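Lettering of chains follows the sequences in order, A, B, ..., and the numbering in each one begins at 1. No experiment lies behind these values; they were computed from the predicted model shown.
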Protein chains: 2
Amino acid sequence: MMELTRKGEYAIRGIVYLAAQPVDRVCLLSDIAAAVDVPATFLAKIFQQFSKIGLVKSYRGTGGGFLLGRVPEKITLLEVVEAVEGPIIPNRCVVGAGECARDVSCTVHPVWKKVQEQVRAALEGVTLKDLAGG
Amino acid sequence: MMELTRKGEYAIRGIVYLAAQPVDRVCLLSDIAAAVDVPATFLAKIFQQFSKIGLVKSYRGTGGGFLLGRVPEKITLLEVVEAVEGPIIPNRCVVGAGECARDVSCTVHPVWKKVQEQVRAALEGVTLKDLAGG
DNA sequence: CCTAACAAGACTTTTTTTATCCTTTTAGGG
DNA sequence: CCCTAAAAGGATAAAAAAAGTCTTGTTAGG
Ligand code: SF4
Ligand code: SF4
């Protein structure tokens with residue numbers, strides 16, 4: 001259980017690759033896809049999501065491509081994962097009140113809350129700088 | 001991401017219900033299903049899995065039903081979850097060596113290892129006794 | 001031998017994942 | 001102004017997983 005989808009895995013690979021590039025180096029999607037071994041069309045969709053929330057910047061046309069939206073030390077793995085996989089939800093009752101009618105007195109509920117917090121903390125503590133190796 | 005499936009949620013509800021029953025009280029599947037609000041046919045499949053690994057004991061025929069395979073304080077939430085959802089795998093590279101060709105030098109790999117360990121620890125620290133309320 | 005109850009396996013439906021393709025928009029350069 | 005490069009957006013399709021159902025078999029009590 002709790003498995004990251006390929007989309008998530010690809011997303012991380014792609015953006016870590018970007019983070020490892022020299023600052024202001026604009027990368028072609030096709031180059032990134034080849035380097036991290038991900039289908040280019042699929043990676044395109046992923047980077048579109050990144051672009052919408054500013055995790056990467058994109059430029060169209062000749063000489064266009066992608067680069068990181070912020071410095072790598074300011075982008076956490078949590079942001080990257082949540083950008084494409086949605087929030088960290090070990091069980092739907094942690095989404096908010098009312099998701100499960102049983103949550104008021106449920107003894108299991110706090111366990112999922114704890115799991116959620118721990119996973120979030122683990123991912124939030126890692127930045128793209130860490131992952132790209134400085 | 002990381003969402004428990006319904007099967008997992010149902011499994012927990014069902015076995016926690018069992019754990020809350022008086023010792024040696026044999027419960028009908030139909031009663032359990034009604035009490036925890038799960039389709040009986042689906043819960044049957046889940047309890048069959050439990051039965052195979054000894055988490056519950058089952059008796060057939062008139063007067064048959066289910067009861068817990070061990071005392072509640074000796075059954076952890078981790079066991080219950082893994083019984084029906086499989087092992088805790090945040091990313092397939094934590095399954096073992098060779099799952100991902102990149103794992104040798106991958107900087108992300110240790111993060112998933114850590115997540116896996118934390119989640120396992122969180123679930124292992126909770127027993128059915130805790131969940132059933134003594 | 002009849003009935004109760006779980007076991008096992010096949011099967012179906014729905015949802016999610018994993019893509020691919022095509023058209024549109026934007027930008028640079030001749 | 002046109003041609004080409006490159007990303008954006010939308011539709012669609014195929015595959016896999018999840019969720020649930022059905023039928024038949026097995027075991028046991030009365
Ligand atoms: S753990 Fe408890 S509150 Fe959460 S979904 Fe299950 S029953 Fe509801
Ligand atoms: S995190 Fe690294 S080792 Fe794990 S699957 Fe991704 S690339 Fe492979």
Side-chain angles (χ1 to χ4, degrees), chain A residues 1-15 18 25-34 36-69 81 83-87 89-92, chain B residues 1-15 17-18 25-34 36-69 81 83-87 89 91-92:
Chain A
M1 75 165 295
M2 320 207 95
E3 204 154 353
L4 193 71
T5 64
R6 289 206 189 182
K7 187 177 178 187
E9 166 69 18
Y10 293 166
I12 296 168
R13 284 196 214 167
I15 203 167
L18 263 197
R25 156 80 151 284
V26 178
C27 298
L28 290 184
L29 181 77
S30 54
D31 291 346
I32 305 169
V36 300
D37 194 30
V38 169
T41 56
F42 200 175
L43 193 63
K45 292 299 177 195
I46 293 167
F47 270 54
Q48 281 171 27
Q49 288 187 261
F50 283 159
S51 185
K52 275 188 210 155
I53 60 174
L55 278 187
V56 305
K57 279 183 289 198
S58 69
Y59 299 99
R60 301 208 238 192
T62 314
F66 293 91
L67 41 71
L68 225 51
V81 169
V84 294
E85 299 266 16
I89 305 287
N91 200 348
R92 65 193 163 302
Chain B
M1 76 166 292
M2 320 207 95
E3 203 153 354
L4 193 72
T5 64
R6 286 199 194 189
K7 188 177 177 186
E9 166 69 18
Y10 293 167
I12 296 168
R13 282 196 215 169
I15 204 166
Y17 175 88
L18 264 196
R25 157 79 151 285
V26 178
C27 297
L28 290 184
L29 181 76
S30 53
D31 291 346
I32 304 169
V36 300
D37 194 29
V38 169
T41 56
F42 200 175
L43 193 63
K45 292 299 176 197
I46 293 167
F47 270 54
Q48 281 170 29
Q49 287 187 263
F50 283 159
S51 185
K52 275 187 207 155
I53 60 174
L55 278 188
V56 305
K57 280 184 289 198
S58 68
Y59 298 100
R60 301 209 240 192
T62 315
F66 293 91
L67 42 71
L68 226 50
V81 169
V84 295
E85 299 264 15
I89 305 287
N91 200 349
R92 66 193 161 302

Over how many whole Å does the gap from [X] atom [atom1] to [N] atom [atom2] extend?
X       : N      : atom1 : atom2 : result
A/Gln49 : D/dG9  : CD    : C1'   : 12 Å
B/Asp31 : C/dA4  : CG    : C1'   : 13 Å
B/Ile89 : D/dA17 : CD1   : P     : 14 Å
B/Gln48 : D/dA19 : CD    : C1'   : 15 Å
A/Arg92 : D/dA18 : CZ    : P     : 14 Å
A/Leu29 : C/dT25 : CG    : C1'   : 16 Å
B/Leu43 : D/dA19 : CG    : P     : 14 Å
B/Ile46 : C/dC6  : CD1   : C1'   : 15 Å

Donor-acceptor list for residues 37-45 of chain B side chains, cut-off 3.5 Å, not counting sequence neighbours:
none

About how many Å separate [atom2] of [Y] and [atom1] of [X], when rounded to the nearest 0.5 Å?
X       : Y       : atom1 : atom2 : answer
A/Phe66 : A/Ile15 : CZ    : CD1   : 10.5 Å
B/Ile12 : B/Glu85 : CD1   : CD    : 8.0 Å
A/Thr5  : B/Arg92 : OG1   : CZ    : 9.0 Å
A/Leu4  : B/Met1  : CG    : CE    : 4.5 Å

query: Looking at residues at least two apart in the chain, or sitting in another chain, which of them share a ring-ring contact (aromatic ring centres under 6.0 Å, His included) with A/Phe50?
result: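 Counting only residues at least two positions away or on another chain, A/Phe50 forms a ring-ring contact (aromatic ring centres under 6.0 Å, His included) with A/Phe47.
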List in chain and number order the residues that pass salt bridge (Lys or Arg N to Asp or Glu O under 4.0 Å) with B/Glu9, two or more places apart in sequence or in another chain; answer none if no residue qualifies.
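Testing B/Glu9 for salt bridge (Lys or Arg N to Asp or Glu O under 4.0 Å), a comparison that skips the adjacent residues, returns B/Arg13.
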* Asked: Among all residues two or more places apart in sequence or in another chain, which pass the side chain to side chain donor-acceptor pair (under 3.5 Å) test with A/Gln49?
  ->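 Scan of A/Gln49 (side chain to side chain donor-acceptor pair (under 3.5 Å), adjacent residues dropped) gives A/Lys7.
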- prompt: Which heavy atom of A/Ala11 sits nearest a heavy atom of A/Ile46, and at what distance?
  reply: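 For A/Ala11 versus A/Ile46, the nearest heavy atoms are CB-CG2, 3.6 Å.
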- Item | A/Cys27 versus A/Leu18, closest heavy-atom pair with distance |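 So the minimum-distance heavy-atom pair works out to SG-CD2, 3.7 Å.
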Could you pull out every donor-acceptor pair under 3.5 Å between side chains of residues 52-63 of chain B and any protein atom, sequence neighbours left out?
none

Query raised in the report: Distance check: side-chain N/O of B/Ser58 vs OP1/OP2 of C/dA7, anything under 4.0 Å?
Result: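 Looking at the OP1 and OP2 atoms of C/dA7, one of them is under 4.0 Å from a side-chain N or O of B/Ser58.
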Please figure out whether A/Ala44 or A/Thr62 has its closest DNA chain D nucleotide nearer the 5' end.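 Result of the comparison: A/Thr62.
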Might you list the N or O atoms of the protein lying below 3.5 Å from N or O atoms in nucleotides 23-25 of chain D, with each pair's distance?
residue : atom : partner : partner atom : Å
D/dG25  : N2   : B/Arg60 : NH1          : 3.1

Readout for nucleotides 17-23 of chain C: B = base within 4.0 Å of protein heavy atom, S = sugar-phosphate only, - = neither; 5' to 3' it is -SSB---
Among residues 50-57 of chain A, which ones have heavy-atom contacts with DNA chain D below 4.0 Å?
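Result for residues 50-57 of chain A: A/Ser51, A/Lys52, sorted by number.
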**Prompt:** Taking five pairs at each end of the helix from C/dC1-D/dG30 to C/dG30-D/dC1, what angle separates the two helix axes (nearest 10°)?
**Reply:**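 Axis angle across the helix from C/dC1-D/dG30 to C/dG30-D/dC1, nearest 10°: 0°.
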>> Taking any heavy-atom pair under 4.0 Å as a contact, classify B/Phe47: base, sugar-phosphate, or nothing.
In response: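 B/Phe47: no heavy atom of the nucleic acid under 4.0 Å.
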